[in-house]
Amino acid sequence: MTLYDSAKKTKREFIPQVEGKVSLYVCGPTVYDDAHLGHAKSALVFDLLSRVLSANGYEVTYARNITDIDDKIINKAVEQNKTIKEITDFYTDAYHKEMALLGVKRPDIEPKATESLDAMYALIQKLLDNKHAYKTDDGDVYFDTSSDSDYLTLSKRVQDESEKLQRVESSSHKKNPADFALWKSVKDDSITFDSPFGKGRPGWHLECSAMIEKHLSKPEAKFAVDIHGGGADLLFPHHENEAAQTRCGTNHALAAYWMHNGFVNIDGQKMSKSLGNSFFLKDALKIYDGEVLRFYLLSTHYRSNFNFNEEDLATAKKRLDKIYRLKKRLFDMTHEDEKTDFQEELLAALNDDLNISASLALIDEMITRANETLDTPGKHKELKRETLSNLAYIKKLLGFGVKNPYEHFQFGVDEEIKEEIKALIQKRDEAKKVKDFAASDALRDEILAYGVNLMDTPHGSFWEKI
RNA sequence: GGUGCCAUCGCCAAGUGGUAAGGCCGCAGCCUGCAAAGCUGCUAUCCCCAGUUCAAAUCUGGGUGGCACCUCCA
């Protein structure tokens, strides 16, 4: 397969360090608030990547961290008079529940910063020993960017002189304005951690490097992980700094391939905390089925910026509906998984840097071909078998079509309403039996008023939520 | 200001040298008591200009217009 490597800014053949095995590390959430659509996008993109890697026969070790040490967490804990664990457990739990609704599989490893402090201390010490880090008078430990000749090679940034000057004034303890904190000393009574460097908190960038060393890397490997992923905004400074720490504090570079997913905008506007237009996942999930959101957020290439709006979401649902309608036509049939050309083509499309558009086009064409044949008289045993295999493959590889089709089409409808619709359909069936079409059509209008579609089939009348 | 990305049908969106995938919407038809669903058919020469080439949406140069990062952020 080929992947776009954002460090080399080109698409290239993916070759893991150890044949048949892939290590994947993705920057996960800082659990101080509810997850928004951007978190969902990132989790979905790398969920898809891990599925595609597995489908190619790789044994994947997927790690996504939980950042549970952070100033924002600490501030919130102080504000609400809670422990940081109370705060982080709450949002971690919410994150897991919401991701599950999106069909995002749990990574193999989910390291937490609080459980990786030893690895962080070890890395800081190594960097101090190597003279890649230094202590300041007030007890902070900084990474010395001037000691790393490869610094900024990942993000391809050029240090700006005027920028340098501005920042020198604001942080006089640093040798170089680009230097970043590995350990921040804290003198007051707020929440701190005891380290060999005194009381304080680890720097933001440190945990990823430390966790990767602890959980994924082999000392003799050239790269700590095969693939490192995260949101596009993390390229600088977060990933640049991570890469520097690992390069200077260990015997290897951080990642062989870097992957960054594009941003989610809302109605053309950047979504951000400061603009106050964050679309929280929990709110979206109240209105939309998690699988519809999954389909929608994955329907555009992972590197593009994504413009979230309800109109496109509705279009995405219609496209997902097509999978479910075909599923419905084959409902209750069993099958043995078998390989088909379609499956091969689908995987080939995804192997091209996760070309989701080509994949969805293949799926739509497969659906149309199947419907076309099913519309003609005959039993079509072979086609049905193949189609069921194809649908199962789509479910496994992309996570689309995971539910019972009747559930899918009745998302968000109360049991009470369902009963009312059922009663109206029964009345209408009776009217139809005696060919009282005026009454039948009037009843249909009543049913449609519930915001559903009604469809008459040889097996009875069915409804779908629009 | 620095760095980088993008510009394809009404909308969403693939395609990186050989003559424009797919979805939504729309129109016509088949099917249907009528619908819905499904199926069939129809709908773009790729922001502008110049260049390279037998051949360019796809390469080069110049415009124009969007956007992102450079500060915590997926």
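Note that the structure is a prediction, hence the values are computed from the model and not measured. To find a chain, count down the sequence lines: A is the first, B the second, and so on, and within it residues start at 1.
- Legend: ring pair (Phe, Tyr, Trp, His ring centres under 6.0 Å) pairs involving residues 91-115 of chain A, not counting sequence neighbours: none detected.
- Going from atom NE2 of His36(A) over to atom C1' of rC72(B) covers 12 Å, rounded to whole Å.
- Atoms OH (Tyr25(A)) and C1' (rA74(B)) sit 13 Å apart, rounded to a whole Å.
- Atom CZ of Arg303(A) and atom P of rC69(B) are 18 Å apart (whole Å).
- Base-pair partner of rA20(B): not found among the strands shown (Watson-Crick or G-U wobble, both distances under 3.5 Å).
- Using atom P as the reference point in both rU43(B) and rG4(B), the two lie 42 Å apart (nearest Å).
- Nucleic acid contact class of Gly231(A) (heavy atoms, under 4.0 Å, all strands): sugar-phosphate only.
- The partner of rC31(B) cannot be assigned: no Watson-Crick or G-U wobble pair with both contacts below 3.5 Å exists in any strand.
- Annotation: ring-ring contact (aromatic ring centres under 6.0 Å, His included) contacts of Phe308(A) (sequence neighbours excluded): Phe279(A), Tyr296(A).
- Contact annotation: the side chain of His238(A) approaches that of His205(A) to within less than 4.5 Å [non-hydrogen atoms, C-beta and beyond].
- Per the geometry, CG belonging to Asn75(A) stands 14 Å off P belonging to rC72(B), to the nearest Å.
- Residues that satisfy the ring-ring contact (aromatic ring centres under 6.0 Å, His included) test with Phe331(A), not counting sequence neighbours, are Tyr406(A).
- Take Lys422(A) and apply the side chain to side chain contact (heavy atoms under 4.5 Å, CB included) test, not counting sequence neighbours, and it matches Glu419(A).
- Rounded to an integer number of Å, the gap from Met259(A) CE to rA74(B) C1' is 14 Å.
- Per the geometry, CD1 belonging to Ile266(A) stands 16 Å off P belonging to rC67(B), to the nearest Å.
- Counting any heavy atom pair closer than 4.0 Å across all strands shown, Val45(A) reaches no nucleic acid atom.
- For Arg385(A), the side chain to side chain contact (heavy atoms under 4.5 Å, CB included) partners at least two apart in sequence or on another chain are Glu338(A), Glu382(A).
- Leu298(A) has its CG atom 19 Å from the P atom of rA74(B), to the nearest Å.
- With both ends at atom C1', the span from rA7(B) to rA14(B) equals 15 Å, rounded to whole Å.
- To the nearest whole angstrom, the two C1' atoms, one in rA20(B) and one in rA55(B), are 15 Å apart.
- Contact check, Lys318(A) against rC25(B): a side-chain N or O comes under 4.0 Å of OP1 or OP2.
- Using the Watson-Crick or G-U wobble rule with both distances under 3.5 Å, rG65(B) pairs with rC6(B).
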Go through the steps to decide whether Arg201(A) and Asp71(A) satisfy the test side-chain contact (heavy atoms from CB on, under 4.5 Å), and finish with yes or no.
CA-CA 9 Å; Arg201(A) 304 164 197 165; Asp71(A) 284 355; 2.4 Å; yes
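- Checking Ala361(A) against Lys72(A), the closest nucleotide of RNA chain B that is more toward the 5' end is the one next to Ala361(A).
- Partners of Asn305(A) under the side chain to side chain contact (heavy atoms under 4.5 Å, CB included) rule, at least two apart in sequence or in another chain, are Phe263(A), Asn265(A).
- If you check rG51(B) for Watson-Crick or wobble pairing at under 3.5 angstrom, you find it paired to rC59(B).
- Comparing rA44(B) with rG2(B), their C1' atoms sit 38 Å apart, to the nearest whole Å.
- The distance between atom NE2 of His205(A) and atom P of rA74(B), rounded to the nearest whole Å, is 13 Å.
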Quick tally for nucleotides 30-43 of chain B: nucleotides whose base has a protein heavy atom under 4.0 Å get B, sugar-phosphate-only ones S, the rest -, giving ---BBBBSSSS---
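- Atom name C1', nucleotides rG17(B) and rA74(B): the rounded distance is 37 Å, in whole Å.
- The side-chain hydrogen bond (donor to acceptor under 3.5 Å, both in side chains) search around Glu420(A) returns Tyr450(A), not counting sequence neighbours.
- Partners of Ser6(A) by side chain to side chain contact (heavy atoms under 4.5 Å, CB included), not counting sequence neighbours, listed by chain and number: Tyr4(A), Trp258(A), His260(A).
- Between rC6(B) and rU32(B), the distance separating the two C1' atoms is 47 Å to the nearest Å.
- Here the side chain of Asp352(A) pairs no donor or acceptor atom with the backbone of Asn355(A) at under 3.5 angstrom.
- Of the P atoms belonging to rC59(B) and rG18(B), the separation is 12 Å, rounded to the nearest Å.
- Remark: His408(A) engages Tyr324(A) in a ring-ring contact (aromatic ring centres under 6.0 Å, His included) (not counting sequence neighbours).
- With no hydrogens or angles considered, no side-chain donor-acceptor pair links Glu110(A) and Asn65(A) at under 3.5 Å.
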Listing time: all N or O pairs from protein to nucleotides 3-9 of chain B that are below 3.5 Å?
none

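- Per the stacking criterion (ring centres < 5.5 Å, plane angle < 30°), Phe263(A) stacks onto the base of rA74(B).
- Separating the P atom of rC72(B) from that of rA57(B) is a span of 45 Å, rounded to the nearest Å.
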Under 3.5 Å between N/O atoms: give me all the protein pairs with nucleotides 11-14 of chain B, atom names plus distance.
| unit_1 | atom_1 | unit_2 | atom_2 | d |
| --- | --- | --- | --- | --- |
| rA13(B) | O2' | Ser357(A) | OG | 2.8 |
| rA14(B) | O5' | Ser357(A) | OG | 3.2 |
| rA14(B) | O3' | Asn355(A) | ND2 | 3.3 |

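- Of the candidates rC72(B), rA74(B), rC25(B), the closest approach to any side-chain atom of Leu234(A) belongs to rA74(B).
- Within the 3.5 Å criterion, the main-chain N or O of Phe411(A) finds no donor-acceptor partner in the side chain of Asp289(A).
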